[in-house]
Amino acid sequence: MAWYLAVKEILRNRGRFLLFSLVIALITVLVLFIAALAQGLAEANKEYLEKLDAELIVFQKNVDLSTAASRIPRDKFNDIRRIEGVAEIGPLGFATATIVLDDKTPLLDVSLIGVEPGKPGMPPALEGTGLRSPRGYQTMIDGNVAKRTGIKVGDRIKIKTIVGSDEKFHTLEVVGITDGRQFFYAPSIFVPFNTWDSIKPQPNLNGQPTAVIANVVAVRIEPSVSPEIVAARIESRVSNVEVVDRKTAYEASPGYQAQQGTLNTQRGFTLLIGILVIGGFFQIQTLQKVPQIGVLKAIGTSNHSIAVAVVLQIVLVTILGVAIGSMLTFLLTLFLPAGIPILLSGTTALIAISTLLLIGPIGGMVSVRLALKVEPLAALGM
Amino acid sequence: MNTILETNSVYKIYQSGNLSVTAVENASITLRKGEFVAMVGPSGSGKTTLLALIAGLLRPTKGEIIIDGKDIVKMSDVERTRFRREKVGFTFQANNLVPFLTALENVELMLRMNKRYNRQTADLAKRLLIRLGLEDRLNNLPSQLSGGQQQRVAIARALVHDPAIVLADEPTAALDSERAFQVVQILAELIHEEERAAIMVTHDLRMVQFADRVIQMLDGKVARVIEARSEIEALAAIGQQQSPVQPQPHPKPKETSVPHLQPLPFPLPAFQPVGD
């Protein structure tokens, strides 16, 4: 009975209900888009650190866990390595560079990351051999660089760094492609740590050669020990360092928390707006239907049927709206340029869509109550 | 003849603070099978309240209302809703129909609600509407029907599910004279043909000419029950003379054709209830 009434009414008022589904569809697009943006930006920020094959990251003390500000000189590498529970370490150096392709292709800014071949911090090669020589002018590019430039294993690429006020160009042989490893909002290329040290941007050329310094050190620990204990040991035995896990490290990235907080607030408010819009629409519609509900009750329709019919309509309209919205979002992502940090994983999409499907029934509660309160006598003017 | 309805000393008293208003006082009426009874009286005489009490839309302050052998006063809300669905046919002054259902679907609604919708009963719904002169309006929405047509659809809906009692509240209130006579005449015919029982509340005394008995209400009480044909005719004549203030004709589209009564497809086949 409830199904019959709910569906008949929708079919006989297709225009009105479809229009309303479109409103829900647009809310869906907005929510999914914000979710995708939040995830995409987060990924662009943390992807490399999140996927790092090390449990702990050693920063210089009192630099607010800033990878750019942190300096770990070479003499500390061995101190860290010798600590009980540490399996392997890899110094990491971060800088920026620009890939210069042919004249027609725009320049691509990348994170230039120095890693020790075979040590923590070096990403796995999905294609090619990966870095092997500790000093070679070789590079591994991440999947995003490969996708955006079409560079293949075996290609030679030219990168530009700034030394003093001069541009310096270096040619690197691509020996591997890894998966997505963005760092600090840029796709990454990886070079051996020693090569990184010699080609990284420097304040000037005229100073004396500086000692080899990494920004941070990635630490892989023995499987049997707890990361907290090893972190405490490193901090107590190596001077002037701070040791954190990966999550703490990327959450400390500049702006990460603020950005995610802002986007999540936006998403929350959009959902709230959704609830209010749906609530308002169905409330007005129910108020308009008071005489009709009165007739139905007078001729013996049960309160149960009337309530179920109201809920069914809300659920059907919401499902239709969310479905249209999800399709629109999917189409939208197909046509967005690669540079826009949009990423929607299955889980994120699923959570967003389930929340969206919930806003209908939540917003519609008031209408159900209104419908149940209709007095047939008053509604019929008897 | 079988008694379908019996009310015994029914009271409806509205309490508002210290003030109490007696809408219906000591009302005892009966209705027998095959009877079409008109309930008349001035505004505020309690006729509509009594109808609402009989329909189970209101609970009396005191008294018994026995329909088809059951005292509906003792029923729970859920039971009374079910009772209304199964045993009562209802027409109202206006806004009778569910706006998003066609004429035929509005009639079939009673069958669906009672889980008695099948090919046979659907056919009955259609024949009832045809009988009421709506053969070319079956698939029209209420908004595409005139007031008189809507009222006739409501009559079909009030009859289709084989109710014990039909209650009509001012069925002519929204109609002009011509349509009003047609609607009441056909309602009376159907009640008589099918041996049903109906109470029609009306303020239009002219309509009593179709009734078998007239219950006159005054100040909440049953003032008089008129059974003699001559007295009923006399009352109708008074109504004719008074030519009561006509309610505004319904502003809906004019009826394209005056319904001519179809050759009777009745007596209607007995229901074959499906399920329960």
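Below, chains carry the letters A, B, ... as their sequence lines are ordered, and counting in each starts from 1.
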State the CG-CD1 distance between A:L357 and A:I353, to the nearest 0.5 angstrom.
7.5 Å
For A:I299, is it the side chain, the backbone, both, or neither that has a heavy atom closer than 4.5 Å to a heavy atom of chain B?
both
Looking at B:V98, B:L97, B:L101, B:L141, which has the largest count of heavy-atom pairs under 4.5 Å with chain A?
B:L101
Go through the atoms of B:N96 and report whether side chain, backbone, both or neither lie under 4.5 Å from a heavy atom of chain A.
backbone
Assert top hit (heavy-atom pairs under 4.5 Å, partner chain A, pool B:E170, B:M110, B:E105) equals B:E105
Interchain contact, A:L11 with chain B, by part (heavy-atom threshold 4.5 Å)
neither
Sort B:T102 into side chain, backbone, both or neither according to what part of it lies under 4.5 angstrom from a heavy atom of chain A.
both
Side chains of A:Q285 and A:S367: donor-acceptor distance under 3.5 Å anywhere?
no
State whether B:Y11 and B:K62 meet the cation-pi test: NZ (Lys) or CZ (Arg) under 6.0 Å from the six-membered ring centroid, and within 45° of the perpendicular axis.
yes
Which residue out of B:V201, B:L51, B:L109, B:V88 racks up the most heavy-atom pairs below 4.5 Å with chain A?
B:L109
Go through the side-chain N and O atoms of A:T348 and A:S345 and say whether any donor and acceptor fall under 3.5 Å apart.
yes
Tell me which of these, A:A379, A:P376, A:P291, A:A298, has more heavy-atom pairs under 4.5 Å with chain B than the rest.
A:A298
When the ring centroid of A:Y250 is compared with that of A:Y48, is the distance short of 6.0 Å?
no
Does B:D77 pair with B:R80 as a salt bridge, N-O distance under 4.0 Å?
yes
What part of B:R157 gets within 4.5 angstrom of chain A, counting heavy atoms only: side chain, backbone, both, or neither?
side chain
Side chains of A:E43 and A:Q182: any donor to acceptor distance under 3.5 Å?
no
